[in-house]
Amino acid sequence: MTKKKVKVEICVGTTCFLLGASKLQEMERFLPPDLTGRVEVQGTACLGCCRNDNFGSAPFVKVDDTDVIANATLEKVINRVRRSLNL
Amino acid sequence: MIMKVANNAERIRRELLIRIIRNFMRGTLKDVIDRIAVDMRPRKERPSRCCVYKDRAVLKYRVMAMLGFGIEDEIDEAKALSKYLKEATERQAPDDNILSVLDVACSACVESQYLVTNACRGCFARPCTFNCPRDAIQVVDGQARIDHSLCIDCGKCTKVCPYHAIIRVPIPCEEACPVNAIKKRSDGTQVINFKSCISCGKCMQACPFGAILERSQIIDVLNAIKKGKKVVAMVAPSIVGQFPGKLAQIAEAVKLVGFELMEEVAHGAQMTTEHETKEFFEHMEQGDHIMTSSCCPAYVETVKKHVPLLQPYVSDTPSPMRFTARVVKEKYGCDCVSVFIGPCVAKRKEAQRSPKVDYVLTFEELGSFFAAMNIDVASLKGIKLPRKVEGYARGFASSCGVTSAMLKESTKTVADSNLDNDAKFINGLDQKTVKQLHLYGKGKLPGNFLEVMACEGGCVGGPCVLGDVKLATRAVKASTEE
């Protein structure tokens with residue numbers, strides 16, 4: 001049986017890229033062992049979250065097509081992925 | 001080597017740049033500039049330093065640097081940023097010195113370099129005490145202790161400890177400086193000696209407190225755009241791999257910012273290659289033992305200030321930036337404003353000596369222009385580039401690129417070239433490789449062509465890049481094959 005994979009979309013719009021997304025793109029390399037192979041990391045075009053004056057909350061990461069994480073860090077994304085997988 | 005990692009200092013710098021540019025464009029900067037520090041560090045939030053007030057004070061100095069002022073320019077501590085802004089918009093030319101150490105942010109890292117950690121077991125063998133040439137180590141209460149008044153920083157104890165319990169704590173800026181140009185004042189904070197400084201920007205990249213600031217020219221460029229001048233962006237070859245998106249898309253983004261158009265400095269690199277290849281064969285005919293590249297301004301400065309023996313062998317060929325600026329001023333008229341955009345701090349210094357280059361921006365600053373104006377590079381259609389550039393010229397952005405471009409050129413002009421066998425590289429300047437330069441100057445090392453890049457990896461590893469060095473190197477390589 002193939003295990004469920006969580007989709008993680010990293011916004012690579014210019015603002016997010018500048019404020020940290022360029023480093024998040026490589027997150028697959030830093031996943032804890034129990035999550036290896038269970039996350040599908042993709043880049044995505046600008047999610048539009050930076051259009052307001054709240055750009056300071058970039059980078060943004062979308063998980064499971066629904067949830068947008070602001071001020072995304074590796075730790076935050078991993079916690080959210082765990083929740084999706086009920087781990 | 002210093003790893004280029006995502007960090008808080010970098011993030012704050014970019015956030016500030018975006019705020020400043022966005023408000024300048026809206027015409028609101030003079031009203032909000034003195035509020036930025038409070039907006040970013042409200043009283044109820046957790047401070048990064050000892051308290052929000054210090055955070056704010058440091059932010060103020062950062063903004064000053066972004067307006068083009070160093071801490072040295074401060075006469076009245078109470079002077080408002082809006083006053084500095086007014087001066088910045090009225091000035092004609094940017095200041096000479098580029099870097100400055102913000103003493104209030106400098107944490108005055110400890111000078112004693114060796115430290116016994118908790119991993120020390122106070123063992124029976126005690127090799128640290130026996131191997132210390134100065135008897136500086138005693139075991140007290142079951143733990144080794146170093147008497148720093150005796151310690152000479154030889155490092156023997158770290159090597160002999162079976163538990164790796166003794167570590168070396170560096171002073172990051174001093175360790176990063178290839179030419180010992182940054183030193184402690186009596187109060188422990190660092191100061192740059194500009195007589196020795198080569199403007200490589202390594203200290204700025206290395207400081208964990210973000211205490212080394214570079215004076216920006218964003219206001220000068222924004223002002224020229226606002227006044228409706230014809231502002232031409234000259235982007236360094238290393239731009240490939242700095243933004244998600246292709247060159248044609250970046251060209252469109254640059255135009256949307258308000259630049260007249262984007263010229264590739266890779267075109268100038270083509271001219272540099274032709275000229276430098278010719279010059280190489282002249283040097284060889286003259287009987288010189290070696291010639292070295294000259295496109296890296298931090299390297300050229302290193303030779304000028306620290307390795308006089310090598311000076312006669314540095315090529316006289318103008319850098320790609322200079323060639324490009326020449327073309328730009330001819331094509332678009334002397335009154336156009338030429339702005340070099342690259343990953344480099346030292347280029348600012350080179351530009352001061354190149355009358356045809358008006359201003360210098362970094363990739364980080366360009367990225368902040370895009371972000372401030374909601375320009376998403378990757379979603380643009382892209383426009384036609386003003387000219388076709390040979391792929392090999394884009395290779396200047398990564399280490400060994402200059403040599404491979406020259407090899408290509410020499411096979412075109414000279415059938416039997418001896419450049420091939422004997423080209424050598426210095427990929428990144430540090431205290432060790434600067435020593436090697438002395439040996440090259442004396443003719444004690446083999447090789448007849450020496451390519452030197454101050455940054456490891458070449459310009460893609462520069463202090464003001466946005467992209468990951470590995471990914472950028474790959475992107476540059478791919479672009480040379482296009």
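To find a chain, count down the sequence lines: A is the first, B the second, and so on, and within it residues start at 1. Everything numeric here is computed off the predicted structure, so don't read it as measured data.
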Handout entry: Side-chain heavy-atom pair B/Leu17, A/Leu18 within 4.5 angstrom cut-off
Key = no

Exercise for the section: Inspect the surroundings of NZ in B/Lys470 and state if more than 12 heavy atoms from other residues, nucleotides or ligands are less than 6.0 Å away. Expected result: no

Handout entry: Contact residues of residues 27-38 of chain B (partner chain A; heavy-atom separation under 4.5 angstrom)
Key = none

Problem - Contacts of residues 237-250 of chain B with chain A (heavy atom under 4.5 Å) - result: B/Gln242, B/Phe243, B/Pro244

Exercise for the section: Looking only at non-hydrogen atoms, find the nearest pair between A/Pro59 and B/Arg11 and report the distance. Expected result: CD-NH1, 3.6 Å

Practice task
May I ask you to decide if B/Ala371's main-chain N or O and A/Thr14's side chain share a donor-acceptor pair within less than 3.5 Å?
Solution key: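 Judged by distance alone, no pair lies under 3.5 Å.
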
Practice task
Rounded to the nearest 0.5 Å, what's the gap from SG on A/Cys16 to CG on B/Asp376? Could you check?
Solution key: 9.0 Å

Completion exercise
The reported gap from CG in A/Leu19 to CD in B/Glu10 (rounded to nearest 0.5 angstrom) is 9.5 Å

Completion exercise
Cut-off 4.5 Å, heavy atoms of chain A, and the answer for B/Ile375 is backbone

